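A, B, ... follow the sequence lines: proteins, then strands. Residue 1 opens every chain. It should be emphasised that the depicted structure is a prediction, and the values quoted were computed from it without experimental measurement.
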Amino acid sequence: MSTSFQTIRGTFDILPDAYTDDGGTRIAPSAEWRHVEATVRDVMRRHNFDEIRTPILEPTELVARGVGESTDIVQKEMFAFERGDTQYVLRPEITAPVVRAYLQHHLDQRGGVQKLFYLGPCFRAEKPQKGRYRQFHQFGIEILGADEARADAETIAVLMAVCEALGLSDLKLRLNTLGTPERREEYVQALEEYLRPYANELSDTSRRRLERNPLRILDTKVEHEQKLLRDAPKLIDFVDEESLVHYDEVKGLLTDLDIEYEEAPRLVRGLDYYTETTFELESPGLGAQSALAGGGRYDRLAEVLGSDEPVPAVGFAAGMERLFLALDAADAERPGPPTPDVFIAALGDDAEQWVFRTSQELRNEGLHVAHDLMGRSLKAQMKEANRQKAPYAMIIGGNELEAEAATVKEMKSGEQEEVPFDELTPYLQRRLEGNASGGAPA
RNA sequence: GUGGGUGUAGCUCAGUUGGUUAGAGCGCCAGGUUGUGGUCCUGGAGGCCGUGGGUUCAAAUCCCACCACUCACCCCA
């Protein structure tokens, strides 16, 4: 069997079994994705967040305005297209769509603070590499309508809770404040003035940023530029008193929660909408893609999207693919694929019919039942039962039909016993309960 | 956009200085058991050797181009 088609560059299939892609990266099986998603949902429920689902398709203008014209995302990474006179984009992130939905549906009218979480695919037309895909999956939260430092701290606490629930440790939380846009603007000017004399010492990209978005130069990894920045004006010196108080409060609350962090004065993050608190969660040792999640406050985004009043907001976004890299590195425990409770093997046409009907009945009772669909030999069916790791196999042939009792075999021990047809469900339920600890969770 | 790497069976990989019909392990299918899985034994299916061109009596092997995938830089989750 073959096909000339294949997944589009930078995308991947999630299969029932784990496999390694051509770059040697392990692609987790669907059961592990379910496990991570279920863990996220459970943490969200405990933290009182409600799920929001927005379309994958959004107006291009929403992204351009929300994420920022100067960002790489908008400059060169959007999957955008036109139909009729509408410009569409496959969402590259989910914060702007959530704020759009919040404004569109007047969610503030639900009353109080809106605590929302999301989980789903995003798209960016970047060059793919390990832990970075063109279709990738994010989950995250947005707390809308709360300007208190506790909202910032809770955002970070939720992120840490998810990681802990998944069994991740050795993570590094990096924290910074950007202050208000006004003060940031002043700082940007000062930074620009400082750097301009050195313009011809800068790398091409940094020189371009000097024009477009000087703040991002702080992110540079070029050693020479880092040296230059040592004597540059400091962002923190421009942040106003109110922002500093807010920042201190956030740090105090994190300490209260025993959440360790490291201050990162140069952490500016790539998206234009961040203000005040910003943070990033790193998993050291993951190489180029060590950032598992990032977030911060974005008090001005609602207005950028047309709101006539500001909506204080804070949130994070985490990358699922990166999370899996970290889980692999940490060798964290994850469930195997679901296995049938019982495999029912049929011998002969009459038996096949009985098995087919009885399987449905047992399934209606809640049992996970497997049977053959290929008309294969008993031997082959038993082999299949073994492969699927069913703890019990049931054999139905002429003898069983006549006796109205099934041959039930415990695979591990190989022991068999006869069980009357009308006692099958309670029998299986009782036996399965007995070794519930041994079975893989579904 | 810039650099590097890799393309042989479903998977992991051998394949000598170019030389007959391209191999192994695992997996898959069947048989050894007329009604029984795992271990074992036997057999089988499955390859445009990434694509196209060139050199040669002869190319998986040498040369060129292209394509695909991938890692890294940039940036980001």
Touch class at under 4.0 angstrom, heavy-atom based, for A:G140 against every strand present: nothing
Looking at A:T95, I'd like to know whether one of its side-chain N or O atoms comes within less than 4.0 Å of OP1 or OP2 on B:A77. no
Determine the contact category for A:A385: base if any of its heavy atoms lies under 4.0 Å from a base atom, sugar-phosphate if only primed atoms, P, OP1 or OP2 are that close, otherwise nothing. nothing
Can you tell me how far P of B:C71 sits from CD of A:E321, to the nearest Å? 13 Å
Salt bridge check, A:E32 against A:R34: does any charged N sit closer than 4.0 Å to a carboxylate O? no
Mind checking the C1' distance from B:A24 to B:U8? Whole angstroms is fine. 13 Å
Candidate nucleotides B:G37, B:C76, B:C74, ranked by approach to the side chain of A:N386 - the nearest: B:G37
Around A:F79, counting heavy atoms of other residues, nucleotides and ligands shown, do more than 12 lie under 6.0 Å from its CZ? yes
Considering every strand shown, what is the Watson-Crick or G-U wobble mate of B:C73 when both distances are under 3.5 Å? B:G1
Given that both distances must come in under 3.5 Å, which nucleotide forms a Watson-Crick or G-U wobble pair with B:U21? none
Per A:A380 side chain, nearest of listed nucleotides B:C76, B:G35, B:A30: B:A30
Select base, sugar-phosphate, or nothing to describe what A:K412 touches, counting heavy atoms under 4.0 Å on all strands. base
Salt bridge or not for A:E410 and A:R431, using N-O below 4.0 Å? yes
Quick one: label A:I395 by what it contacts on the DNA or RNA (base, sugar-phosphate, nothing), any heavy atom closer than 4.0 Å. base
Please classify the nucleic acid contact of A:Y133 as base, sugar-phosphate, or nothing, using heavy-atom distances under 4.0 Å. base
How far, in whole Å, is B:C66 from B:C26 if one measures between their C1' atoms? 34 Å
Will you find, in the side chains of A:T339 and A:Q388, an N or O donor that is under 3.5 Å from an N or O acceptor? no
For A:Q416, answer base if it contacts any base atom (sugar-phosphate contacts may also be present), sugar-phosphate if it contacts only those atoms, and nothing otherwise; contact means non-hydrogen atoms under 4.0 Å. base
Whole Å only: how far is the CZ atom of A:F5 from the C1' atom of B:G50? 17 Å
Nearest-Å distance once atom P is located in both B:U20 and B:U36: 46 Å
Roughly how many Å apart are B:G27 and B:A65, using the C1' atom of each and rounding to a whole number? 37 Å
For B:G15 and B:U61, measure between their P atoms and round to the nearest Å. 15 Å
A:F238 and A:Y187: CA distance, side-chain angles, deciding distance, ring pair (Phe, Tyr, Trp, His ring centres under 6.0 Å) verdict: CA-CA 6 Å; A:F238 285 75; A:Y187 171 68; 5.3 Å; yes
Given RNA chain B, 5'-ward residue of the pair A:D21 and A:E280, judged by closest heavy atom: A:D21
Do A:E126 and A:R132 meet the salt-bridge criterion of a basic N to acidic O distance under 4.0 Å? yes
For A:W33 and A:F324, take the angle between the two ring planes, folded into 0 to 90°, and tell me which bin it lands in: parallel under 30, tilted 30 to 60, perpendicular over 60. tilted
Side chain of A:K127 only, heavy atoms from C-beta on: which candidate in B:U12, B:U36, B:U2 is closest? B:U2
Between B:G37 and B:U33 - P atom distance, rounded Å: 12 Å
For nucleotides 66-69 of chain B, list the nitrogen or oxygen atoms of the protein found under 3.5 Å from its nitrogen or oxygen atoms, one pair per line.
unit_1	atom_1	unit_2	atom_2	d
B:C69	OP2	A:R9	NH1	3.4
B:C69	O2'	A:D22	OD2	2.9

To the nearest angstrom, the CG-P distance between A:D17 and B:C11 comes to 14 Å
Exactly one of A:E58, A:E82, A:E61 should register a side chain to side chain contact (heavy atoms under 4.5 Å, CB included) with A:Q87. Which one does? A:E82
Watson-Crick/G-U partner (both atom distances under 3.5 Å) of B:C66: B:G50
B:C41 and B:U56: how far apart are their P atoms, nearest whole angstrom? 50 Å
Using whole Å, report how far CZ of A:R132 lies from P of B:C71. 10 Å
Let me know the distance between CG of A:L347 and P of B:G35, rounded to the nearest Å. 6 Å
Is A:E282 touching bases, backbone alone, or none of the nucleic acid, heavy atoms closer than 4.0 Å? nothing
Taking only Lys NZ, Arg NE, NH1 and NH2, and the carboxylate oxygens of Asp or Glu, determine whether A:E192 and A:R196 approach each other closer than 4.0 Å. yes
When both distances are under 3.5 Å in a Watson-Crick or G-U wobble arrangement, the nucleotide paired with B:G31 is B:C41
Give the nucleotide from the list B:G35, B:A77, B:G37 with an atom nearest to the side chain of A:R124. B:A77
Proximity to the side chain of A:K130 - top-ranked nucleotide from B:A72, B:G35, B:G31: B:A72
B:G10 P sits how many Å from A:Y19 OH, rounded? 16 Å
Please determine, for B:A14, whether a Watson-Crick or G-U wobble partner exists with both distances under 3.5 Å, and give it or none. none
Under 3.5 Å on both distances, the Watson-Crick or G-U partner of B:U36: none
Would you kindly give the NZ-to-P distance between A:K383 and B:C28, to the nearest whole Å? 7 Å
Taking 4.0 Å as the cut-off, does a side-chain nitrogen or oxygen of A:Q129 come that near to OP1 or OP2 on B:C73? yes
Residue mapping more 5' on RNA chain B - nearest nucleotide basis, A:R134 or A:R387: A:R387
For A:G348, which contact category applies under a 4.0 Å heavy-atom criterion: base, sugar-phosphate, or nothing? nothing
Can you confirm whether more than 12 heavy atoms, excluding those of A:E263, are under 6.0 Å from its CD atom? yes
Can you check the distance between B:U39 and B:G23, where both ends of the measurement are the P atom (answer in whole Å)? 27 Å
Review item, nucleotides 40-49 of chain B N/O atoms under 3.5 Å of protein N/O:
none

When you check the side-chain N and O atoms of A:E154 and A:H47, is any donor under 3.5 Å from an acceptor? no
Once hydrogens and angles are ignored, does a donor-acceptor distance under 3.5 Å link the base of B:G1 to the side chain of A:E126? no
Rounding to an integer number of Å, can you tell me how far A:K409 NZ sits from B:G35 P? 15 Å
Might you work through the salt bridge (Lys or Arg N to Asp or Glu O under 4.0 Å) test for A:R334 and A:D328, ending with a clear yes or no? CA-CA 10 Å; A:R334 279 154 287 172; A:D328 288 339; 2.8 Å; yes
Donor-acceptor pair, distance only, cut-off 3.5 Å: does the side chain of A:T11 make one with the backbone of A:I8? yes
